[in-house]
There are 2 protein chains.
Amino acid sequence: MIQNIRVAVDAIVFGYQNGKLYVLLIQQKFGTNETYWALPGGLVGNDEPLKEAVQRELKEETNVEVNYLEQLYTFGDDVYRDTRNRVISVAYFALVDSSKLSIKANTDAEHAQWIEVNQIPNLAFDHNKIVQKAIERLKAKLTYQPIGFDLLPKYFLFSELETLYCTILEKEIDRRNFRKKILSFGFVEETEKISVHNTGRPAKFFQFNTQKYNQLLQEGFHFEIKFA
Amino acid sequence: MIQNIRVAVDAIVFGYQNGKLYVLLIQQKFGTNETYWALPGGLVGNDEPLKEAVQRELKEETNVEVNYLEQLYTFGDDVYRDTRNRVISVAYFALVDSSKLSIKANTDAEHAQWIEVNQIPNLAFDHNKIVQKAIERLKAKLTYQPIGFDLLPKYFLFSELETLYCTILEKEIDRRNFRKKILSFGFVEETEKISVHNTGRPAKFFQFNTQKYNQLLQEGFHFEIKFA
DNA sequence: CTATCTTTGTGTAAACATTACGCATTTATT
DNA sequence: AATAAATGCGTAATGTTTACACAAAGATAG
């Protein structure tokens with residue numbers, strides 16, 4: 001018997017801005033006037049590594065380049081997830097910082113759009129399920145890996161980092177304890193820059209020091225933020 | 001262009017007994033007199049869910065039924081991992097308790113064998129890499145999910161649980177603090193049974209209460225064992 | 001039958017980490 | 001100048017982890 005299974009990749013790309021979490025979706029046409037929302041993705045080339053396939057599809061369909069990319073899960077238990085063919089999908093989890101939240105014009109990218117996570121419509125195939133799994137991963141990782149910084153600009157305020165954690169994890173935390181905890185790690189550094197907003201005391205900008213973090217990792221450090 | 005990619009599943013099954021961790025491997029013949037060790041696995045059927053494919057292959061090739069099964073990772077970045085065809089492999093991570101550590105006779109199962117993890121030979125394809133990733137997953141999960149109990153018999157001694165943790169994580173821990181920590185969770189219960197070994201004070205058998213654990217999970221409980 | 005060995009089971013004090021707040025600081029606004 | 005808003009720093013109370021002392025229960029040897 002000859003195996004006849006298609007292999008696709010799909011990307012769940014998260015972006016964050018002003019206390020809101022977004023997912024990158026594309027609008028696809030089925031037939032003449034029916035449109036569906038779906039995750040960016042497509043079939044893998046015969047000689048193409050999976051990871052490159054995701055990056056290519058993202059580039060083609062949305063013109064977005066991500067800051068962070070890792071494999072999420074392979075969806076292949078529902079044999080009829082695509083009604084036309086047997087297709088398994090290797091889903092990837094990705095993050096972009098807020099500077100990339102505007103779609104750059106591109107042949108196909110016009111159908112791409114950032115949608116707030118609590119306003120995601122019905123998606124094609126099992127894509128709602130995939131997004132759900134990605135959100136769980138994001139929440140989990142936020143507490144044990146410093147991926148929150150990949151969602152923020154290079155220089156950020158502590159209040160921004162704090163509201164990012166609170167909005168994504170849907171929990172409250174004490175501003176002052178959070179700050180102390182993060183600073184105690186030693187890989188978030190104060191910069192010279194100072195933000196002036198319309199109200200309140202001006203705040204220092206901070207930055208994530210990747211090198212310092214990797215060094216600490218090697219010394220056996222283990223990142224963790226507990227949210228009650 | 002027609003996509004021509006094979007989809008395989010591979011299983012990394014761990015077993016534990018007497019302070020030793022084992023992986024289930026099979027001996028395969030290539031050509032006439034060349035033999036290779038490899039992970040159990042094979043191609044997925046056209047109408048077969050991935051998870052069922054693993055279970056079928058395990059049954060066929062090793063006659064083993066596992067206690068715990070979850071998807072590990074999909075290996076598909078090395079385009080030439082199989083030199084004959086483009087094959088991507090969806091790897092699964094599985095556990096059996098010590099009662100299943102003897103291979104039951106079966107047509108194909110004669111080539112299956114439990115090999116100690118620190119004596120794993122060169123394996124076919126990228127299977128050494130896959131096993132490595134599985135070991136990392138096992139170590140990580142042991143600290144934040146109660147999967148250690150799936151490697152032990154239904155009734156076990158605290159000393160057995162303790163040495164399991166110590167051998168797999170390759171670390172020492174204080175016996176008394178470990179016991180207190182585990183018991184504080186409330187899902188490991190004392191039984192009436194008592195073990196009499198040749199030396200020392202007789203020990204109570206304990207058992208894992210799945211129902212209690214699930215109940216605690218719903219109440220927001222989060223399992224965690226820290227190893228210095 | 002008592003001394004010794006070994007493993008199990010219980011307790012407790014010290015060290016460390018987390019939590020809950022109080023309050024001074026620095027700007028913009030009235 | 002007084003007020004408001006957000007930032008930045010400190011400290012006491014509480015909770016958790018670690019290190020270790022020691023009693024308990026059986027096996028063995030003299």
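A, B, ... follow the sequence lines: proteins, then strands. Residue 1 opens every chain.
For Asp174(A), the salt bridge (charged side-chain N to carboxylate O under 4.0 Å, His left out) partners two or more places apart in sequence, or in a different chain, are Arg176(A). For Thr35(A), the side chain to side chain contact (heavy atoms under 4.5 Å, CB included) partners at least two apart in sequence or on another chain are Gln27(A), Lys29(A).
Rounded to a whole Å, the CD1 atom of Ile194(A) is 12 Å from the C1' atom of dG8(D). In this structure, Ile173(A) atom CD1 and dC21(C) atom P are separated by 15 Å, rounded to whole Å. One can place CD of Glu224(B) at 15 Å from P of dA17(C), the figure rounded to the nearest angstrom. Going from atom CD1 of Ile225(B) over to atom C1' of dT16(D) covers 15 Å, rounded to whole Å.
For Arg201(B) against dT6(C), a side-chain-to-base donor-acceptor contact under 3.5 Å is absent.
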**Report entry** Test log, rule ring pair (Phe, Tyr, Trp, His ring centres under 6.0 Å), inputs Phe93(B) and Tyr73(B)
**Finding:** CA-CA 9 Å; Phe93(B) 169 97; Tyr73(B) 194 80; over 10 Å; no

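Phosphate proximity of dT7(D) to Ser159(A): present, with a side-chain N or O under 4.0 Å from OP1 or OP2.
Contact check of residues 175-186 of chain A against DNA chain C (heavy atom, cut-off under 4.0 Å) returns Arg176(A), Asn177(A), Lys180(A), Lys181(A).
The minimum heavy-atom distance linking Asn209(B) with Lys212(B) is given by the pair OD1-N, 2.9 Å.
Geometric assessment of Lys193(A) against the ring of Tyr155(A) yields a positive cation-pi assignment under the 6.0 Å and 45° thresholds.
Between Pro202(B) and Phe227(B), the residue whose closest nucleotide on DNA chain D is further toward the 5' end is Phe227(B). Heavy-atom nearest nucleotides on DNA chain C were determined for Thr199(A) and for Asp174(B), and the one closer to the 5' end corresponds to Asp174(B).
Using a 30° and 60° split on the angle between ring planes, Phe223(B) and Tyr213(B) fall in the perpendicular class, above 60°.
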